[in-house]
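Here the structure is laid out as structure tokens; the discussion comes afterwards.
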Amino acid sequence: MKELIEWDKKHFIHPTSSIKEQQENGPKLIIEKGNGIYLTDSDGNVFIDGMSSLWNVNVGHGRTELAEVAKEQMEKLAFSSTFSTFSHEPAIRLAKKIADLAPPSLNAVFFTSGGSESNDSAIKLVRHYWIIQGQPERNKIISLKRGYHGVAAGATSATGIPQFWDMAGHMVTGFAHAKTPYEIGTSESIASIREVIEAEGPETVAAFLVEPVQGAGGVLIPPSDYFQEVRKLCDEYGVLFIADEVITGFGRTGKMFGIENWNVEPDMITFAKGVTSGYFPLGGVIVSDKIHDMLKDKSHGVLFHGFTYSGHPTGAAVAMKNIEIVETEGLVENAREMGEELLKGFKEIKDELTIVGDVRSMGLLGAMEFVQDPETNERFSPDLKVAAKVIEALHARGVICRAVTYDGTDIVCFSPPLTITKEQITTLLEKLRDAVLAVEQELAGQLSNV
Ligand code: PLP
């Protein structure tokens with residue numbers, strides 16, 4: 001084990017990690033195996049995977065059916081291209097299945113290997129859509145502050161969390177960010193999008209890209225009228241509406257696609273994560289009939305966009321099996337029902353303890369905020385690192401979760417596997433209550449010493 005830790009430090013550059021922390025402490029955990037909602041590390045410690053790893057292992061760990069289907073497909077046809085109109089059965093069947101599940105007006109799929117590639121593909125497809133209609137000046141993308149869309153060039157620029165731009169500078173121009181509805185509500189956020197469209201020049205705006213629930217921004221759930229208003233605004237300006245369903249797609253929010261919670265249809269949906277539950281890297285873009293018809297009509301040359309792994313046969317076979325599990329085990333309904341249990345438990349903890357601010361969950365995508373004063377929503381000083389303390393206290397009690405501290409907030413996010421049972425939710429909530437109580441007592445001690 002000592003050797004592994006040394007090799008990790010010496011040879012492994014971790015994604016979205018502090019290199020300094022890794023060099024000082026080595027890897028946080030070396031995970032060895034997974035089963036259901038649980039992960040086991042190399043010392044035999046068992047953790048509840050409260051985040052489904054990266055909001056993606058929706059059917060839980062250790063599903064041998066998925067391993068079997070991958071093996072079968074690899075033995076038959078591990079890989080074959082889908083460029084130059086070559087095709088194969090797994091990709092065709094998956095495209096059809098996703099079209100059947102998506103909102104009625106979205107029926108054609110472009111495949112990628114993950115969420116960032118999906119968003120960059122969507123951005124390029126909407127620009128192409130406008131180019132073939134003789135409007136190449138319509139090339140700008142509006143998205144929201146606190147939005148997260150990934151780390152490819154376009155996705156980084158669309159992301160509304162500045163640290164991602166600082167890392168290597170702005171990747172692409174032609175992106176602008178409006179205010180999220182978080183804490184300000186629908187009308188102010190819609191006014192802000194309008195303002196940004198007007199400032200950029202409506203004739204230059206190609207699309208509005210938005211997560212139904214902003215995940216990495218802190219599980220920010222928009223008000224119930226929000227996307228109706230977004231749809232109206234996009235229609236008013238002729239701007240395309242792209243829903244980034246990389247987290248929310250395939251059941252996470254208690255609907256097959258998150259946007260269905262608002263009963264509106266976007267022009268494009270990007271997806272990844274939950275489509276394979278992380279058992280194979282695969283994502284894609286679902287486009288509306290309007291866009292597909294335009295491509296069929298006016299995109300005469302080669303569509304110069306494609307990844308080697310677009311429509312990977314093994315990935316497609318795994319995705320089909322994964323979706324079958326989601327459907328046959330009723331995981332979308334389970335997400336809705338268990339999400340209600342989770343939220344009920346959050347509210348009980350909020351009623352009992354004094355540092356809990358807003359609590360929320362849409363399906364199994366939830367969050368708890370920590371504030372100095374729940375009445376006024378006054379935040380803790382960032383020096384106190386309250387969310388990080390809660391994460392550590394959860395970790396000590398065998399729960400892996402994630403903190404969001406952007407903009408001075410202290411938010412802890414929850415996104416457990418959709419297979420979670422009522423008993424497991426109860427255990428998770430008990431551990432959460434204990435962890436928050438311990439942090440509350442620690443803070444009370446600290447503050448009384450000041
Ligand atoms: N979009 C959203 C909403 C995400 O949460 C993520 C990743 O967390 C991405 C895009 C990027 O996906 P990937 O990391 O697979 O490139």
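Small disclaimer: the values here were computed from a predicted structure and weren't measured. In each ligand, atom 1 is the first atom listed, and ligand 1 is the first ligand listed.
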Report, in ascending order of atom number, the atoms of ligand 1 lying under 4.0 Å from any heavy atom of Asn119.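 Under 4.0 Å from Asn119, ligand 1 has these atoms: 1 (N), 10 (C).
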Under 4.0 Å from any heavy atom of Ile247, which atoms of ligand 1 are there? 5 (O)
What is the closest protein heavy atom to [atom], and at what distance does it sit?
| atom | result |
| --- | --- |
| atom 12 (O) of ligand 1 | Gly115 CA, 3.2 Å |
| atom 8 (O) of ligand 1 | Lys273 NZ, 2.9 Å |
| atom 1 (N) of ligand 1 | Asp244 OD2, 2.8 Å |
| atom 4 (C) of ligand 1 | Tyr148 CD2, 3.6 Å |
| atom 14 (O) of ligand 1 | Ser116 OG, 4.3 Å |

[Y] ring center within less than 6.0 Å of [X] ring center:
| X | Y | answer |
| --- | --- | --- |
| Phe370 | Phe380 | no |
| Tyr237 | Phe208 | no |
| Phe271 | Phe257 | no |
| Phe307 | Phe111 | no |
| Phe12 | His14 | yes |

If you measure from each non-hydrogen atom of Glu211 to ligand 1, which part falls under 4.0 Å: side chain, backbone, both or neither? side chain
Within 6.0 angstrom of Lys385 NZ, more than 12 heavy atoms from elsewhere: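 Open: at most 12 neighbouring heavy atoms sit under 6.0 Å from NZ of Lys385.
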